[in-house]
Every structure is written in structure tokens, then in C-alpha cells.
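All values derive from a computational prediction rather than experimental measurement.
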Amino acid sequence: MRGMRDLWPEAPSIVVLTGAGISQESGLATFRDADGIWATVRLEEVATPEAFARDPARVLAFYDARRRHLQHPSVTPNPAHEALARLEAVRPGEVMIATQNIDDLHERAGSRAVIHMHGELLKARCTACGNTTVWYDDLTGNECCPSCAIEGQLRPHIVWFGEMPLGLDAIYQVLAQCKVFVSIGTSGSVEPAASFVEEARRAGAHTVELNLEPSHCASLFAERIYGPASRIVPDYVAKLLTE
């Protein structure tokens with residue numbers, strides 16, 4: 001992960017945290033809703049290093065199915081993704097997105113200043129050399145790493161439970177200097193992202209929650225707007241662009 005100054009010449013004034021709720025209207029399931037992913041499969045069975053060591057075939061099959069679904073023609077960026085990309089285009093260098101999502105919908109919409117805290121579904125990582133590579137196909141467990149050529153060491157480039165989220169140093173540096181912090185489509189129940197609002201408040205930033213319903217930490221936000229992301233995010237971006 002490059003440092004903050006490599007990504008942005010100056011600290012972005014707007015930091016956006018996005019969670020599964022922003023991609024739900026694009027046809028991707030959330031995790032913690034009553035009908036979410038963790039209601040149908042136990043995370044301990046597919047989303048931990050121990051699960052991968054115990055039954056790699058099952059873990060790979062779980063992510064293979066999600067990878068295929070993400071690439072289905074019906075899964076496309078929605079107006080919320082597009083609005084954030086427009087905000088970055090109009091105010092280049094002023095916007096950073098820290099996303100908990102492993103999909104590529106922000107990038108497909110046009111956003112470039114994106115940190116994927118929990119990894120990326122369309123990448124594989126080699127446990128031997130540590131390099132990542134773009135990966136669109138299934139992982140069988142027998143592939144050779146494109147970087148080191150060692151066979152059988154590729155895993156999904158996903159941060160599993162018990163592993164450290166990516167890009168935290170850069171995110172905390174930006175939060176310490178931002179003027180606006182916007183949280184979109186997240187339950188507010190997963191650390192460290194749940195504490196980002198407190199970091200932003202300490203920096204004196206204006207804090208905003210855009211969500212389908214109040215999150216676990218809703219009371220910490222100065223401004224709260226609820227409704228479908230595809231409606232309230234474009235409206236709020238339009239507001240930001242007029243200020």
C-alpha cells in the first residue's frame with residue numbers, strides 16, 4: 001500500500017466510508033441483514049484463515065461463486081457509485097473512498113482514489129511471495145502464481161476475520177485532517193471502520209451518515225439522512241458540489 005502523499009499531493013478534505021449497503025441495489029448481498037450472507041453460511045466456515053487451512057476447496061468455491069456473480073452483466077454500478085465518482089471528478093484530489101466492499105463497482109463507476117480495506121474479489125494473492133494479481137476465473141487451488149511460478153499458493157485477495165484490514169495507515173492519516181466524513185451503507189458494527197467517525201470528529205470534521213436505517217453508531221454523526229443509497233447519495237453529492 002502506497003503512502004498518503006503518493007496517492008494524493010494534499011490530504012483529501014472529504015473522506016467517504018462505504019459498506020455493503022451501497023452495492024445492495026446493484027444486486028450484491030449484504031452481510032449482516034436478516035437475509036444477508038452470514039444468515040446462509042457461517043463466517044467461521046468460509047471467511048477465516050483457519051477455515052481455508054481446514055477446507056480450502058470449500059472456501060475457494062464460496063469465493064468463486066461470488067466472483068462469478070460480480071461479473072454477471074446484471075451487476076453494474078448504481079447512481080450512488082456514479083455520484084461519488086462524479087464528486088471525485090469535479091473535485092480531484094479532495095476525495096478519498098475507504099470501502100469495506102470487495103467488489104469493483106466504485107472503480108467501474110469511475111472512482112480512482114479508493115482503498116479496499118477488506119481486499120478485492122477480482123484479485124488473487126500468493127501466500128508464497130505475497131504478490132497480488134488480477135483474477136477473473138475460478139481458483140481451484142492448483143494454479144501457478146504469475147509472479148513466482150509456485151503452484152498451489154494462490155488464495156482470494158480477501159481480508160478474512162482475524163486478519164488486519166488493508167490501508168489503515170493512509171486512512172487514519174487522512175481522517176486526522178479531513179473536513180467532511182461521510183459514512184454510506186454500513187452497519188457501524190465492524191471495527192476498525194466503526195470508529196472512523198470518532199477519528200473524524202476529533203479532527204473537527206463534519207460527520208454525515210447516509211444509510212437505509214440508523215447504524216449502531218448513528219448518534220455520533222452530526223447529520224443523518226436515511227433512505228435508498230441510489231437516491232440519498234446523489235442528492236448529498238449535489239449538495240456538496242454547490243458548497
Side-chain angles (χ1 to χ4, degrees), residues 1-23 28 31 47-49 63 66-67 70 77 80-81 84-85 87-88 91-127 129-135 147 154-203 205 207-208 210 215 217:
M1 175 59 62
R2 293 175 293 170
M4 182 183 71
R5 294 190 182 279
D6 297 320
L7 291 166
W8 306 277
E10 298 180 2
S13 58
I14 302 171
V15 177
V16 181
L17 170 68
T18 63
I22 196 172
S23 296
L28 299 181
F31 289 88
T48 67
Y63 287 100
R66 297 192 64 198
R67 191 181 303 108
L70 177 58
H81 297 104
L84 293 178
L87 178 64
E88 180 184 329
R91 300 176 66 169
E94 297 182 47
V95 181
M96 186 201 79
I97 297 174
T99 186
Q100 298 169 282
N101 298 337
I102 59 176
D103 62 63
D104 65 337
L105 296 180
H106 282 303
E107 287 84 355
R108 280 198 243 170
S111 293
R112 294 293 174 262
V114 183
I115 293 178
H116 284 269
M117 298 173 56
H118 294 165
E120 298 176 69
L121 189 56
L122 298 184
K123 288 184 179 179
R125 183 167 79 248
C126 178
T127 60
C129 69
N131 287 346
T132 62
T133 185
V134 174
W135 200 270
S147 298
L154 292 183
R155 55 162 277 184
H157 181 48
I158 304 299
V159 175
W160 288 324
F161 288 88
E163 297 180 327
M164 184 65 68
L166 306 174
L168 287 181
D169 287 346
I171 294 170
Y172 281 124
Q173 288 181 57
V174 174
L175 286 171
Q177 302 176 65
C178 71
K179 294 180 175 61
V180 178
F181 172 73
V182 185
S183 177
I184 302 171
T186 166
S187 66
S189 60
V190 179
E191 295 291 356
S195 298
F196 287 175
V197 60
E198 296 179 82
E199 295 289 329
R201 279 161 55 101
R202 277 193 283 270
T207 55
V208 186
L210 305 178
S215 70
C217 51

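- No donor-acceptor distance shorter than 3.5 angstrom exists from the side chain of Arg202 to the backbone of Ala205, with no hydrogens or angles considered.
- The shortest distance between side-chain heavy atoms of Val182 and Thr18 does not fall below 4.5 Å.
- Using a 4.5 Å cut-off on side-chain heavy atoms (C-beta onward), Asn101 and His118 make no contact.
- For the residue pair Ser195 and Glu199, no side-chain donor N or O sits within less than 3.5 Å of a side-chain acceptor on the partner.
- Side-chain contact between Phe181 and Val208: absent, with no pair of heavy atoms (C-beta onward) separated by less than 4.5 Å.
- Between Leu84 and Val16, the closest side-chain pair of non-hydrogen atoms falls below 4.5 Å.
- Put simply, the side chain of Met117 does not reach to within 4.5 Å of the side chain of Leu166, judged on heavy atoms.
- Side chain of Gln177 to backbone of Val174: no donor-acceptor contact under 3.5 angstrom is found.
- Atom CG of residue Leu154 and atom OG1 of residue Thr133 lie 8.0 Å apart, to the nearest 0.5 angstrom.
- For the pair His81 (side chain) and His106 (backbone), a donor-acceptor distance under 3.5 Å is absent.
- In this structure the side chain of Pro12 never reaches within 4.5 angstrom of the side chain of Glu94, judged on heavy atoms.
- Once rounded to the nearest 0.5 Å, the distance linking CG of Leu70 with CG of Leu28 reads 6.0 Å.
- A distance of 10.0 Å separates CD of Glu120 from CG of Asp103, quoted to the nearest 0.5 Å.
- Distance check, rounded to the nearest 0.5 Å: CZ of Arg91 to CD1 of Ile14 gives 4.0 Å.
- Expressed to the nearest 0.5 Å, how far CG of Asp104 lies from OG1 of Thr99 amounts to 11.0 Å.
- Trp135 is not listed as a side-chain neighbour of Leu122, based on a closest heavy-atom distance of 4.5 Å or more.
- Heavy-atom minimum distance, Cys178 versus Ala200: SG-CB, 4.2 Å.
- No hydrogens or angles considered: a donor-acceptor pair under 3.5 Å links the side chains of Gln100 and Thr186.
- The heavy-atom pair separating Cys217 from Val197 by the smallest distance is SG-CG1, 4.5 Å.
- Residues Cys126 and Cys129 meet the side-chain proximity criterion, which asks for heavy atoms closer than 4.5 Å.
- Classification of Lys123 and Glu107 as a salt-bridged pair fails, no side-chain N sitting under 4.0 Å from a carboxylate O.
- In this structure, the side chain of Arg67 engages the main chain of Leu121 through a donor-acceptor pair within 3.5 Å.
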